[in-house]
Peer 1: 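Got a structure for you, questions after.
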Amino acid sequence: MKEEYSAAEIEARWQKKWEDEGVFHSEPDEREKFFLTIPYPYLNGNLHAGHTRTFTIGDAVARFRRMRGQNVLFPMAFHATGTPIVGLSELIANRDPLIWEVYTKLHGIPEEELVALNTPEAIVAYFRKAAKVAMGSIGFSIDWRREFTTTDPAYKKFIEWQFGILHDLDYVTKGSHPVRWCPHDQNPVEDHDILKGEEATIMDFALIKFRIGDRVLPCATLRPETVFGVTNLWVNPDVMHVVARVNQELWVVSPDAYHKLTFTDREMEWVGEVSGRELIGQMAENPITRDRILILPAGFVDPDNGSGIVMSVPAHAPFDYLALKDLYGADLSGYGITEDLRDIRLISLIKVPGYGEFPAVDAVSELGVRDQHDPRAEEATKLVYRREFHNGILKENTGKYSGIPVQKIKEPLLQDLIDQGAAEIFYEFSESPVICRCGTTCVVKMVRDQWFLEYSNPAWKSRVLACLAGMRLIPEEIRQEFINKVDWLKDKACARRKGLGTLLPWDREWLIESLADSTIYMSFYILAKYVNAGLNIDRLEPAFFDYIFLGKGDPKSASKITGIDEETVQKIRTDFQYWYPVDLRTSGKDLVANHLLFFLFHHVAIYPESLWPKAIAVNGFVSLEGRKMSKSKGPILTLRQAVSENGADVTRLYILGNAEYTQDADWRSEGAQSIRSQVERFYSLARDILKDKDPQATDLGEQELIDRWMISRLQQRISETTEAMEGIQTRRALQSAFYHMQNDLRWYQRRGGRSQLCQVLSVWVRLMAPFTPHICEEIWSELGQGYVAHAPWPLADKSLIDEQAELAESLLQSTQNDVEEILRVTGAIPEKISLYTAPEWKREMLRLALDISSGGRFDMSGLMKAAMADPEIAAHKKEAPKYAQKLAKTVHGQTAEILELDELQTLSMETDYLSRTFGCPVRVLSADQPGPDPMGKSRNAEPGRPAIWIE
RNA sequence: GCGGGGGUUGCCAAGAGGUCAAAGGCGCAGGGCUUAGGACCCUGUCGUGAAGACGUUCGCGGGUUCGACUCCCGUCCCCCGCACCA
């Protein structure tokens with residue numbers, strides 16, 4: 001080893017060796033296999049700190065498993081299908097200033113290279129190469145022979161095969177669905193295309209059809225059950241409404257609503273206009289109750305929201321109640337309304353604890369809302385909604401829905417209304433406006449004849465739940481999340497008109513959507529090795545995939561169909577049988593509700609239970625200096641940048657030690673700096689141990705207390721690290737394997753330990769190898785044989801755990817601490833220190849106290865009785881009760897351990913060490929025979945806590 | 001709003017009924033070693049303290065218990081997801 005630690009040199013050297021010698025190439029053998037995968041990265045930019053975390057976790061696990069003797073397959077590929085790369089290439093070609101900025105500054109791409117990235121293919125090629133270099137530079141132990149990209153021809157064949165099966169299973173269906181749509185671009189709008197309203201979601205309103213004669217007045221509501229409580233309608237008198245033929249009906253809606261409706265799957269025809277003023281004063285019919293109700297004027301009706309016609313439920317909606325109240329006594333004769341609005345009776349239809357007959361009225365008076373313009377009206381609305389939704393029950397006037405909780409009513413009721421022709425569904429943004437990057441206001445559009453993956457299928461879902469039940473989820477807390485999301489998942493549109501991807505085999509108008517084509521691709525890693533080696537892929541027909549992945553058919557015909565020789569076909573099949581299923585998939589938590597779910601859905605659809613995934617691990621995000629990372633807006637830290645600034649081992653150690661599980665990690669360059677010095681310390685410590693290596697030292701038969709202590713601690717570090725790594729707790733593993741180990745070693749050396757150093761180092765290096773593989777190879781090359789990457793993981797030897805030695809050391813340490821504390825507090829400089837170990841009678845008394853309290857309660861009189869029966873304790877009649885008092889307080893927290901130790905002997909043997917530490921003579925005595933003790937200090941001695949007298 | 005996860009001593013972060021003033025790291029302070037040190041070692045880092053102690057703490061308010069950071073109830077705040085997008 002060199003004197004100075006040079007990360008760049010060491011890392012490059014070992015990376016080259018690993019690659020040259022194919023150290024991480026995996027082939028089936030007789031060992032137990034472990035197939036580990038990580039979602040391949042999407043190639044629209046450089047790998048960043050988020051990838052770094054997820055991938056490094058995977059790599060550390062792969063290395064750990066390898067050392068434990070498992071045959072690990074850890075492959076990697078690249079994702080290119082979808083639309084963003086296409087969009088990006090266009091923006092680059094157009095020299096979009098924003099993109100230019102992001103890619104030159106944030107992603108660090110030189111301008112002359114960026115210019116060339118004006119086609120999707122160029123982008124894919126560029127980032128694929130960059131990603132591979134980056135992953136190499138951080139030392140991932142990937143079997144690169146299996147690399148592929150999702151736009152590769154063979155991969156497309158594989159996707160076609162897979163969709164053929166899903167189609168045959170009737171899991172792919174046709175339907176319509178609502179999307180966020182830009183009327184100007186004539187395209188669905190994605191998140192990053194949105195200027196304003198990114199938070200908006202699509203909500204399904206009920207459009208309830210009130211009627212005036214043959215005209216329909218559709219009222220949009222999220223609470224269709226309140227149709228039973230409608231007392232009137234609201235219309236804005238100042239808005240000119242549109243009369244339109246909608247399918248076979250004549251509707252009256254606001255102009256905005258008309259505009260929106262034209263994007264739904266309705267046939268629309270503009271017929272004429274009618275002013276709000278004209279509508280007011282007319283009677284409309286409630287399609288459910290058949291009540292005839294008055295149309296009243298309301299300025300609060302926003303023509304841009306819903307249909308522009310609002311149904312009024314004053315008993316349950318504070319706004320309606322306030323608006324109605326505000327009209328009491330107003331002169332509406334201008335609208336032809338002469339009746340007294342006070343005659344309109346509120347209709348209550350929901351019973352809710354805490355409110356009387358009319359919750360809206362109660363809420364208004366509770367919050368002291370003045371009128372409809374009072375900001376507290378909004379608050380009252382939310383309050384009523386929340387309480388009614390959670391605790392409300394429908395009343396008898398709702399007929400067959402009576403007794404049903406409000407929470408459960410929406411779906412079935414809406415369905416009934418639709419069936420009766422009394423309502424339709426109308427999709428609307430949860431907030432408006434939603435504005436596209438081009439400046440146009442977006443609408444909700446119904447896409448027709450779209451292909452769906454029928455994830456709502458109950459049978460399919462139940463297979464997924466069964467799969468989950470048999471899986472290991474890490475951390476276990478995400479299980480509930482997964483189960484909830486399975487429940488929540490609806491059908492998913494799986495075809496696109498734009499982007500890169502594979503064509504739907506039975507409908508070549510459509511491209512398969514990019515999440516749908518990334519679900520069981522782990523299987524493809526097996527085949528990819530052969531494809532990369534030059535397999536003939538001209539005729540990869542479904543029958544071939546059926547055989548290699550499902551064992552259907554036979555190798556002979558598969559060979560005949562494809563032109564691949566039978567032996568190879570057979571070999572691929574055996575490989576697959578060896579490697580599959582996936583043993584662990586690790587991923588960021590952002591993929592739970594989409595990719596990881598689809599990963600499960602497609603596995604259970606296509607493969608038999610024996611090939612279902614075994615485990616999923618989920619990790620949190622990475623922020624930068626406390627700020628959220630953003631690929632498009634910054635800040636961003638690329639993997640390459642992290643490695644070139646800090647080195648691979650430092651980057652790995654930092655990112656793995658910073659957080660674990662779903663916690664988010666915060667990357668701070670200051671933190672990374674300090675890790676660098678930790679790694680340097682590790683290096684120089686190892687270097688010194690190796691330099692100082694005493695060839696006979698390791699054979700030294702006679703082990704001192706401190707040696708036994710060190711070896712004992714070592715076993716525990718091994719166990720703890722191993723356990724942590726089995727649970728993918730990288731942070732905990734590092735606490736043990738790195739920091740605690742360092743502290744142990746420090747104590748060991750301080751106490752004069754030396755003979756075990758080499759052995760400890762040998763274990764230590766191996767425990768650290770999954771985290772900092774390069775430096776560990778470097779050290780290992782002087783210590784062991786072969787690559788540390790393939791060295792056996794240390795096994796804890798329980799027989800080497802020496803409780804006596806640990807007790808003795810902890811007694812020594814706590815005694816030392818006590819002396820130090822006294823010295824600190826008194827400020828004294830000691831000339832002589834006397835220690836008195838506890839007298840026998842106190843030990844006996846502790847033993848009795850422990851016995852007595854073992855049942856739970858501490859029985860003082862019982863203890864005294866037993867104590868006095870013992871002549872040795874009885875001899876200390878005066879002091880015994882005092883000690884008993886103390887025990888009463890402390891015995892709950894004590895154990896009998898300390899009684900197993902001969903304190904006098906233990907400390908006596910360490911007088912040299914203690915004298916050296918305190919710079920003065922130290923003597924050890926027993927309180928049983930204290931010898932000189934002018935201050936009577938020996939009376940303070942207790943088991944585990946020697947009395948101290950400092951002169 | 002719904003669902004999931006969190007709020008711990010300057011910061012990051014362990015702990016999940018007594019061994020807890022609470023691991024470890026960072027930062028900071030003091031000392032040692034050194035020609036020097038952003039290297040290394042030791043010590044301290046809630047407050048008080050001339051004998052190893054005492055006092056006050058684990059978002060906030062209650063409760064259970066001999067005993068709660070840990071259990072229960074309520075409450076406030078933070079993060080993530082709510083899709084057709086990788």
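Order of the sequence lines sets the chain letters (A, B, ...), proteins ahead of strands, with each chain counted from 1.
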Peer 1: What integer number of Å spans the P atoms of C54(B) and G59(B)?
Peer 2: 25 Å
Peer 1: Looking across every strand, which nucleic acid part, if any, lies under 4.0 Å from Lys589(A) by heavy atom: base, sugar-phosphate, or nothing?
Peer 2: nothing
Peer 1: For this output row, return yes or no: ring centroids of Phe598(A) and His602(A) closer than 6.0 angstrom.
Peer 2: no
Peer 1: For Thr83(A), answer base if it contacts any base atom (sugar-phosphate contacts may also be present), sugar-phosphate if it contacts only those atoms, and nothing otherwise; contact means non-hydrogen atoms under 4.0 Å.
Peer 2: sugar-phosphate
Peer 1: For the C1' atoms, the ones on G49(B) and on U56(B), what distance do you get once it is rounded to whole angstrom?
Peer 2: 15 Å
Peer 1: Under 4.0 Å between any heavy atoms, over every strand shown, what does Glu513(A) touch: base, sugar-phosphate, or nothing? Just pick one.
Peer 2: sugar-phosphate
Peer 1: Spell out, as yes or no, whether a donor-acceptor pair under 3.5 Å connects the side chain of Asp664(A) to the backbone of Val622(A).
Peer 2: no
Peer 1: Could you tell me whether the phosphate oxygens of C41(B), OP1 or OP2, come under 4.0 Å of any side-chain nitrogen or oxygen in Arg746(A)?
Peer 2: yes
Peer 1: For RNA chain B, whose closest nucleotide is more 5', that of Arg732(A) or that of Arg945(A)?
Peer 2: Arg732(A)
Peer 1: Is there a donor and acceptor pair closer than 3.5 Å between the side chain of Asn484(A) and the base of G3(B)?
Peer 2: no
Peer 1: Can you tell me, in whole Å, how much space there is between the P of U75(B) and that of G3(B)?
Peer 2: 14 Å
Peer 1: Please measure how far the C1' atom in G55(B) lies from the corresponding atom in G37(B), and state the result in whole Å.
Peer 2: 42 Å
Peer 1: Here's a test of your reading of the structure: between Glu951(A) and His79(A), which maps to the more 5' nucleotide of RNA chain B?
Peer 2: Glu951(A)
Peer 1: Can we say Glu942(A) and Lys842(A) salt-bridge, meaning some charged N sits less than 4.0 Å from an Asp/Glu carboxylate O?
Peer 2: no
Peer 1: Between G5(B) and U19(B), how far is it from one P atom to the other, in whole Å?
Peer 2: 29 Å
Peer 1: Please measure how far the C1' atom in U70(B) lies from the corresponding atom in A23(B), and state the result in whole Å.
Peer 2: 16 Å
Peer 1: With both distances kept under 3.5 Å, what pairs with C82(B), Watson-Crick or G-U wobble?
Peer 2: G1(B)
Peer 1: Please report, rounded to the nearest Å, how far the C1' atom of A51(B) is from the CZ atom of Phe918(A).
Peer 2: 13 Å
Peer 1: Just by distance, do the side chain of Glu513(A) and the backbone of Ala516(A) share a donor-acceptor pair under 3.5 Å?
Peer 2: yes
Peer 1: May I ask which nucleotide in the shown strands pairs with C28(B), Watson-Crick or G-U wobble, both distances under 3.5 Å?
Peer 2: G44(B)
Peer 1: When you measure only distances, ignoring hydrogens and angles, does the side chain of Asp590(A) come within 3.5 Å of the base of A86(B) through a donor and an acceptor?
Peer 2: no
Peer 1: Is it true that a side-chain atom of Ser677(A) and a backbone atom of Ser674(A) form a donor plus acceptor pair closer than 3.5 Å?
Peer 2: yes
Peer 1: Using Watson-Crick or G-U wobble geometry with both distances under 3.5 Å, which nucleotide pairs with U64(B)?
Peer 2: none
Peer 1: Could you check whether Lys631(A) gets within reach of a base, just the sugar-phosphate, or nothing at all, counting any heavy atom under 4.0 Å?
Peer 2: nothing
Peer 1: For the C1' atoms, the ones on C58(B) and on C69(B), what distance do you get once it is rounded to whole angstrom?
Peer 2: 5 Å
Peer 1: Quantified in whole Å, what is the P atom distance between nucleotide G7(B) and nucleotide G15(B)?
Peer 2: 10 Å
Peer 1: Over all strands shown, is Pro41(A) touching base, sugar-phosphate only, or nothing at heavy-atom distances under 4.0 angstrom?
Peer 2: nothing
Peer 1: Can you tell if the side chain of Gln729(A) reaches within under 4.5 Å of the side chain of Tyr661(A), non-hydrogen atoms only?
Peer 2: yes
Peer 1: Give the nucleotide from the list G24(B), C41(B), C11(B) with an atom nearest to the side chain of Arg668(A).
Peer 2: C11(B)
Peer 1: May I ask you to say what His595(A) touches in the nucleic acid, namely base, sugar-phosphate or nothing, with a heavy-atom cut-off under 4.0 Å?
Peer 2: nothing
Peer 1: Let's test this: given Watson-Crick or G-U wobble pairing with both distances under 3.5 Å, identify the partner of U35(B).
Peer 2: none
Peer 1: With a 6.0 Å cut-off on ring centres, are Phe127(A) and Phe78(A) close enough?
Peer 2: no
Peer 1: Touch check for Gly827(A), heavy atoms < 4.0 angstrom, all strands: base, sugar-phosphate only, or nothing?
Peer 2: nothing
Peer 1: Base, sugar-phosphate alone, or nothing: which one does Gln678(A) contact when heavy atoms must sit under 4.0 Å apart?
Peer 2: sugar-phosphate
Peer 1: Can you check whether Arg824(A) has a side-chain N or O nearer than 4.0 Å to OP1 or OP2 of G31(B)?
Peer 2: no
